[in-house]
Q: 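Dropping the structure in here first, questions after.
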Amino acid sequence: MSGTPDHVALCYADDTELLGCGVPFLTDGLDRGDAVLLALDPPRAELVLAAVNRPDKVTVVSTNLQYVRPAVAIKSYSEMFAQLIDGGASAVRLLGEIPELALSTAWDVWARYEAAVTYAYDRFPLLSMCAYDTRTTPAWVLEDVAKTHSLVAHPGQGNLDNPGYVQPLSFLATTRPVVPYPIQAGPPAIELVDPTPAEARTAVTTLAAASLRPDDLDDLVVSVSEVVSNAIKYGKPPVTLTLWPGPHHAVVTIHDNGPGPTDPFAGLIPTPTPTGGGYGLWIAHQLCHHVALTRTPTSYTTRLTMGDPHHP
């Protein structure tokens, strides 16, 4: 296996199909002496492990901890893969799945993750298989899955080339509509035009304090400050910050008239600049519960969400 990861989609309709593709995939890795990782929902992980001859050689990864946010997953997996390779593993094999809740509430960012995986992990000898239960996965998610994986798993046939695969740069260049949260239908608590980062921090600290836990509030304040700084430095005025605090969450948008970042992987992977910058959007993706990026021919908007906007 080269340093370019292979990315396999396993879309299964029942446990038989999951086992028919997943078990040979893991077993082949064990036979080759790869470091083998399993990141499935606990009941499915137990099912797969029971069918593997050497389950003690398989490292089980918690999906709830690993798939918190896409940028966090990339950072965590990269550190894990590096540690395994440094520890002597010649290659890494991963069978994983994104939690079902993320598929329905945050697929916009996880679709970007699936498209970016090959680039994000290209320095590792990695073969990854992503499992999707077709009985519970929304149709629009499966459509993107078919575009973001270079190989498709078929029971009894192995991993075959995917004719519907779309190169990451082309997939990420497509603008995705962002559905407003219910709270955004009402008037915001504040709208600031051309705020300084300090003014943005003060507004969020003051108006979102009652909506968020202290740690989440601190993370949102840092994220807003980073994104406002980016908009001032790289965007075009006016820069407009809008804030909606809710009972269990807060939503902030930062809008400017610039084109937005040119890097299609912005936010998912840090892109340091010679002057030490390039981390702002990546920090926001690390800290916020959800980050949505929207672009029009004449503007760019970043929406930062902290807390649960679907909480009654």
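Index from 1, following the sequence.
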Q: Does one side chain, of Arg201 or Ser225, offer a donor that lies under 3.5 Å from an acceptor on the other?
A: yes

Q: Given side-chain contact (heavy atoms from CB on, under 4.5 Å), test Leu151 with Met129 step by step and report yes or no.
A: CA-CA 9 Å; Leu151 301 171; Met129 177 178 284; over 6 Å; no

Q: For Arg44, is there an ion pair with Asp15 - N to carboxylate O distance below 4.0 angstrom?
A: no

Q: What orientation do Tyr121 and Phe81 show, parallel under 30°, tilted 30 to 60°, or perpendicular over 60°?
A: perpendicular

Q: Please round to the nearest 0.5 Å and tell me the distance separating atom CD1 of Ile98 and atom OG1 of Thr137.
A: 9.5 Å

Q: Name the residue from Thr105, Asp108, Thr305 that meets the side chain to side chain donor-acceptor pair (under 3.5 Å) definition with His290.
A: Asp108

Q: Using the side-chain contact (heavy atoms from CB on, under 4.5 Å) rule, take Val224 and Leu241 through it: C-alpha gap first, then chi angles, then the decisive distance, then the call.
A: CA-CA 9 Å; Val224 168; Leu241 180 148; 3.5 Å; yes

Q: Of the non-hydrogen atoms in Leu207 and Ala189, which two are nearest, and what is the gap between them?
A: CD1-CB, 4.2 Å

Q: If you apply the rule salt bridge (charged side-chain N to carboxylate O under 4.0 Å, His left out), what do you find for Arg32 with Asp34, and how did you get there?
A: CA-CA 6 Å; Arg32 293 172 181 269; Asp34 298 347; 5.3 Å; no

Q: Can you name the nearest heavy-atom pair linking Glu17 to Leu10, along with the distance?
A: O-CD1, 4.2 Å

Q: Between Arg112 and Ala266 (side chain of the first, backbone of the second, donor and acceptor by atom type, cut-off under 3.5 Å), is there such a pair?
A: yes

Q: Compare every heavy atom of Ser128 with every heavy atom of His7, then report the nearest pair and how far apart it is.
A: CD2-OG, 3.3 Å

Q: Centroid separation under 6.0 Å, is that true for the rings of Tyr12 and Tyr132?
A: no

Q: The test is salt bridge (charged side-chain N to carboxylate O under 4.0 Å, His left out); show your working for Asp28 and Arg93 and say whether it passes.
A: CA-CA 9 Å; Asp28 182 60; Arg93 190 161 302 215; 3.1 Å; yes

Q: Give a yes-or-no answer on whether the side chains of Tyr67 and Tyr77 include a donor-acceptor pair shorter than 3.5 Å.
A: yes

Q: In this structure, would Tyr119 and Met80 fall into the same cluster of hydrophobic residues linked by side-chain contacts under 4.5 Å?
A: yes

Q: Taking it one step at a time, do Lys75 and Glu79 satisfy salt bridge (charged side-chain N to carboxylate O under 4.0 Å, His left out)?
A: CA-CA 6 Å; Lys75 181 176 182 291; Glu79 293 172 349; 3.0 Å; yes

Q: Do Leu192 and Thr240 touch side chain to side chain, with heavy atoms closer than 4.5 Å?
A: no

Q: Considering only heavy atoms from C-beta outward, does the side chain of Cys130 approach that of Val145 to under 4.5 Å?
A: no

Q: Report the C-alpha separation of Ser76 and Gln66 in whole Å, then their side-chain angles, then the decisive distance to 0.1 Å, and conclude whether the side-chain hydrogen bond (donor to acceptor under 3.5 Å, both in side chains) test is met.
A: CA-CA 7 Å; Ser76 178; Gln66 189 63 31; 3.2 Å; yes

Q: Val58 versus Leu37: any side-chain heavy-atom pair under 4.5 Å?
A: no

Q: As an exercise, state the distance from OG of Ser150 to CG of Leu160, rounded to the nearest 0.5 Å.
A: 11.5 Å

Q: For the pair Leu30 and Val52, evaluate side-chain contact (heavy atoms from CB on, under 4.5 Å) and give the outcome as yes or no after the intermediate values.
A: CA-CA 10 Å; Leu30 293 171; Val52 174; 3.7 Å; yes

Q: At their closest point, which heavy atom of Leu103 faces which heavy atom of Val141, and how far apart are they?
A: O-CG2, 3.6 Å

Q: Do you know the tightest heavy-atom contact between Lys147 and Tyr165?
A: O-CD1, 3.4 Å

Q: So does Arg54 pair up with Asp31, basic N to acidic O under 4.0 Å?
A: yes

Q: Give a yes-or-no answer on whether the side chains of Thr63 and Glu97 include a donor-acceptor pair shorter than 3.5 Å.
A: no

Q: Verify the neighbour count for atom CG of Asp86: are there more than 12 heavy atoms of other residues, nucleotides or ligands below 6.0 Å?
A: yes

Q: Check the pair Ile254 / Val239 against side-chain contact (heavy atoms from CB on, under 4.5 Å), numbers first and verdict last.
A: CA-CA 7 Å; Ile254 297 95; Val239 174; 4.0 Å; yes

Q: Please confirm whether the backbone N or O of Pro245 pairs with a side-chain atom of His249, one donor and one acceptor, at under 3.5 Å?
A: no

Q: Show the numbers, then the answer: is there a side-chain hydrogen bond (donor to acceptor under 3.5 Å, both in side chains) between Thr202 and Thr205?
A: CA-CA 5 Å; Thr202 298; Thr205 300; over 6 Å; no

